Amino acid sequence: MKHVLSILVHNQPGVLVRVAGMFSRRGFNIHSLAVGTTYDLESSRITVVVCGDDGILEQVIKQLEKLIEVVAIQILPSESAVRRGMAMIKVNAGGDKRGEVLKLADVFRASVVDVSEHTVTFEITGDEDKINAFADVLAPYKIMELVRTGLVGLARGDNTIHQYERRNFHEQIVL
Amino acid sequence: MKLTGAEVMVQCLTEQGVDTVFGYPGGTILPFYDAMNNSSLRHILTVHEQGAAHAADGYARASGKVGVCIATSGPGATNLVTGLAAAFMDSIPVVAITGQVPTTMIGRDTFQEIDITGITMAITKHNFIVKDVTKLADTIRYAFRIAASGRSGPVLIDVPRDIQTSVVDFEPLAEFEKYSWAVGGEILSKIKTAVQAIQGAARPVIVVGGGAVAADAADEIRALAEKINAPVVSTLMGLGSFSGTHPLFLGLTGMHGCKVANQAVWEADVMIAVGSRFSDRLTGDRDKYVEDKTVIHIDIDPAEIDKNVAAHIGLTGDLKIIVDLLNGQLNDGQRSKWWMRIRECQQDEAVDGDEKQLSPSWVFSHIAEETFGKECIFVTDVGQHQMWAAQNLKIEKPRTWITSGGLGAMGFGLPAAMGAQFAKPDKRVIHFAGDGGFKMTGAELYTIAAHKLPVISVIINNHGLGMIRQLQHVFFDNNYTSCELPPNVDFTVFAAAFGVHAVAVNSAVEFVQAFKQALASNQPAVIVVNISREELVTPMAHPSGAINAFIDM
Ligand SMILES: Cc1ncc(C[n+]2csc(CCOP(=O)(O)OP(=O)(O)O)c2C)c(N)n1
């Protein structure tokens with residue numbers, strides 16, 4: 001089972017290595033990972049998709065909470081969060097095939113970001129299933145390469161990750 | 001006040017109440033050594049940085065304070081690694097300070113440049129590299145706080161040489177506020193549930209682990225055990241948190257635990273685990289370990305609850321407070337049927353320890369008798385002797401049993417004993433090692449001799465790597481390889497080279513004499529106890545089986 005976790009961290013050198021290292025050291029499986037700064041220069045937000053049952057999810061969260069730079073952790077379930085990734089897919093679609101792929105892209109609301117004599121490159125945004133489905137329909141036209149970002153996400157409504165921030169977070173737990 | 005970074009480091013250590021540090025100098029840490037030389041800090045120069053790290057660890061284990069070790073960049077820093085890993089695995093508060101090449105030279109494979117924060121990321125609770133001198137003081141303060149609070153552990157601070165020489169405005173810290181854990185949240189209702197489970201238990205057992213020592217919870221645990229009249233068993237790390245001579249104490253539990261202790265765990269209907277992380281060496285097969293039992297797991301680290309063993313009731317927080325809260329709500333119990341059953345098992349257990357043959361278990365029992373009531377700290381290395389010590393010594397008080405449990409690092413013993421003796425000059429430190437492990441860090445006898453530390457080193461000499469031989473006996477059909485060493489090392493001559501008094505003994509009578517003498521003198525001493533290669537640690541439960549399924553040897 002896949003779980004999407006959003007992690008707010010202090011922007012310290014090495015923080016990504018520390019977080020990623022915890023996953024690999026303890027044998028947790030990362031399906032995807034996305035990192036970027038937030039509007040606050042002091043913090044970054046890491047979104048991880050982790051595979052495992054509820055017990056593993058609980059351990060992942062508890063082990064993350066022990067990392068000094070981790071400020072808050074939020075689970076982003078599909079029911080109550082918006083989760084998106086982006087992919088670029090380059091297909092071999094010159095000549096008469098081009099019309100067909102462009103039509104397919106329309107259905108998926110993918111946009112064309114590059115065109116050459118033999119190729120078309122699409123950009124598509126959406127949840128995992130949508131990106132997978134688009135890649136599947138393009139497969140017969142020969143995908144030359146594909147690149148995708150990890151998922152990012154936000155909870156719906158008033159809910160934000162900041163409500164999980166706690167003062168003395170680490171002191172209370174294990175610091 | 002304008003100070004150099006190096007002076008700030010000295011000030012910050014002093015601020016934290018540090019008086020003794022263990023280390024080894026080198027180019028990139030020299031500014032700090034320069035500043036330290038004019039300070040009240042006592043620097044103990046070890047033979048090897050591994051020795052410095054283990055000594056800081058031993059110092060911390062014996063005193064409960066944060067141990068400090070220092071090394072230069074590159075090889076000095078990498079030599080700390082085993083010591084930090086040992087402290088990490090056993091959750092011991094240590095602060096390591098390493099020199100680093102100047103900030104402008106980082107990343108160019110400069111002479112003795114090693115990414116030590118990268119290397120130690122997985123074996124420290126946290127680490128820092130300081131690249132801005134204005135952040136130096138607060139980083140050191142934060143490091144001590146991280147090391148000592150919650151589930152304690154080692155923290156490394158890497159300080160580039162130019163940071164040590166830059167000048168900065170230093171603000172002394174008025175007072176160091178300590179965070180203390182407050183009861184709150186759902187813990188009170190969970191405690192109620194735990195109380196109900198314990199109250200209803202016919203066959204409760206209390207398992208004490210290293211966390212009980214760290215939390216200084218010995219009094220509370222004794223009160224708990226006496227109140228509910230439950231047998232107490234201890235993990236390797238928990239020894240001393242419950243008196244080894246208390247009538248409720250059944251002994252060591254785990255892979256080499258005594259039979260009655262393991263049997264009591266097996267038959268218990270409610271297990272109260274206090275500060276144990278359910279290591280594989282404790283549980284064997286984890287499913288069987290908790291089958292048909294209600295597990296109450298008390299630990300300061302929330303991540304330990306349900307990590308190795310699923311707890312029915314997990315209580316997270318300061319053990320001292322939680323056990324005290326339990327005690328406040330529990331009624332007295334007798335459980336005489338349970339005790340009849342336990343006494344029955346106790347009688348089945350054969351008593352061994354043959355005096356004439358100088359068997360190792362006799363040696364340890366004799367030491368236990370001779371030191372009873374005396375203020376001693378027992379420190380071991382890793383191997384068979386470690387298990388014989390754990391089984392046969394009667395550890396009375398917390399912080400008087402020091403052993404590398406989680407990492408099981410050979411070479412830990414002697415430097416850790418040295419650190420413990422520095423921390424507790426009024427206690428007598430008795431160190432045990434096998435001949436293999438002693439060879440790894442035995443040169444620290446130099447440091448012990450230089451400071452006239454009255455450490456007694458008992459080398460259990462079976463002319464080989466006893467524990468390896470035992471494993472090859474049990475699991476590899478006596479195909480002995482790389483474990484039987486040529487018997488021609490004369491450890492007494494080795495000790496004499498450092499000016500340490502040493503004797504070798506081959507009989508019980510000789511040992512009695514030698515040990516008496518060593519205790520009576522207030523000098524460092526080495527006693528080499530020559531035993532047979534054939535000696536085995538018994539009982540031995542299968543490492544991945546049920547804890548009461550003992551291997552027939
Ligand atoms: C640094 C290190 N290397 C290897 C081991 C594996 N090991 C565990 S016990 C042991 C043998 C120890 O022999 P010795 O020190 O003579 O003690 P004995 O078992 O004979 O009491 C070895 C090699 C270890 N624990 N630590």
Side-chain angles (χ1 to χ4, degrees), chain A residues 1 3 5 7 9-30 33 35 41-42 46 48 50 52-75 163-175, chain B residues 88 91 93 103 106-107 115-132 135 139 142-153 155-156 158 177-185 187 211 214 299-311 314 316-318:
Chain A
M1 206 180 142
H3 305 274
L5 282 182
I7 310 161
V9 296
H10 273 306
N11 224 345
Q12 305 280 337
V15 58
L16 182 60
V17 185
R18 229 179 266 283
V19 170
M22 190 286 289
F23 278 89
S24 71
R25 189 163 69 251
R26 296 198 176 265
F28 301 132
N29 274 321
I30 297 184
L33 184 117
V35 201
L41 290 178
E42 300 273 286
I46 302 176
V48 194
V50 5
D53 58 23
D54 288 351
I56 289 180
L57 178 68
E58 188 189 322
Q59 258 301 305
V60 167
I61 293 172
K62 284 173 169 179
Q63 294 294 348
L64 284 171
E65 281 173 338
K66 287 173 38 159
L67 299 178
I68 307 299
E69 293 103 339
V70 170
V71 180
I73 302 166
Q74 185 185 25
I75 305 174
Q163 80 193 69
Y164 300 96
E165 277 181 53
R166 272 180 280 174
R167 228 171 64 82
N168 291 331
F169 183 62
H170 292 293
E171 275 93 342
Q172 274 172 24
I173 303 182
V174 267
L175 190 90
Chain B
F88 181 70
S91 307
T103 45
I106 288 176
D115 172 16
I116 198 63
T117 48
I119 288 178
T120 57
M121 200 170 271
I123 53 163
T124 50
K125 189 171 168 188
H126 195 64
N127 61 24
F128 299 92
I129 177 163
V130 183
K131 291 186 176 170
D132 173 358
K135 299 208 171 118
T139 303
Y142 195 29
F144 272 83
R145 191 181 176 115
I146 294 170
S149 54
R151 177 176 184 171
S152 47
V155 177
L156 179 138
D158 201 23
E177 47 145 345
K178 219 184 147 192
Y179 185 87
S180 60
W181 184 77
V183 187
I187 189 91
D299 205 282
I300 188 147
D301 182 355
E304 284 307 332
I305 312 292
D306 299 335
K307 183 184 88 180
N308 288 337
V309 150
T316 323
D318 186 329

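Quick note on labels: first sequence line is chain A, next is B, and so on, each numbered from 1. Model, not experiment: these values are computed from the prediction. We use all heavy atoms of the structure for the numbers below, so side chains are in, but hydrogens, waters and symmetry mates are not.
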Do the non-hydrogen side-chain atoms of A:Arg26 and B:Lys307 ever get within less than 4.5 Å of each other?
yes
List the atom of A:Arg25, the atom of B:Ala122, and the distance in Å for their closest heavy-atom pair.
CD-CB, 3.4 Å
Grab the two heavy atoms, one from B:Lys125 and one from A:Ile68, that are nearest each other, plus how far apart they are.
O-CG1, 4.5 Å
Where do A:Arg18 and B:Asn127 come nearest, in terms of heavy atoms and distance?
NH2-OD1, 2.8 Å
Specify the closest pair of heavy atoms between A:Gln59 and B:Ala303, including all atoms of both residues, with the distance to one decimal.
NE2-O, 2.6 Å
So which part of B:Ile305 gets closer than 4.5 Å to some heavy atom of chain A, the side chain, the backbone, both or neither?
both
Quick one: list whatever passes salt bridge (charged side-chain N to carboxylate O under 4.0 Å, His left out) with A:Glu58, sequence neighbours left out.
A:Lys62
Top residue by heavy-atom pair count (under 4.5 Å) with chain A, among B:Thr117, B:Ile129, B:Asp306?
B:Asp306
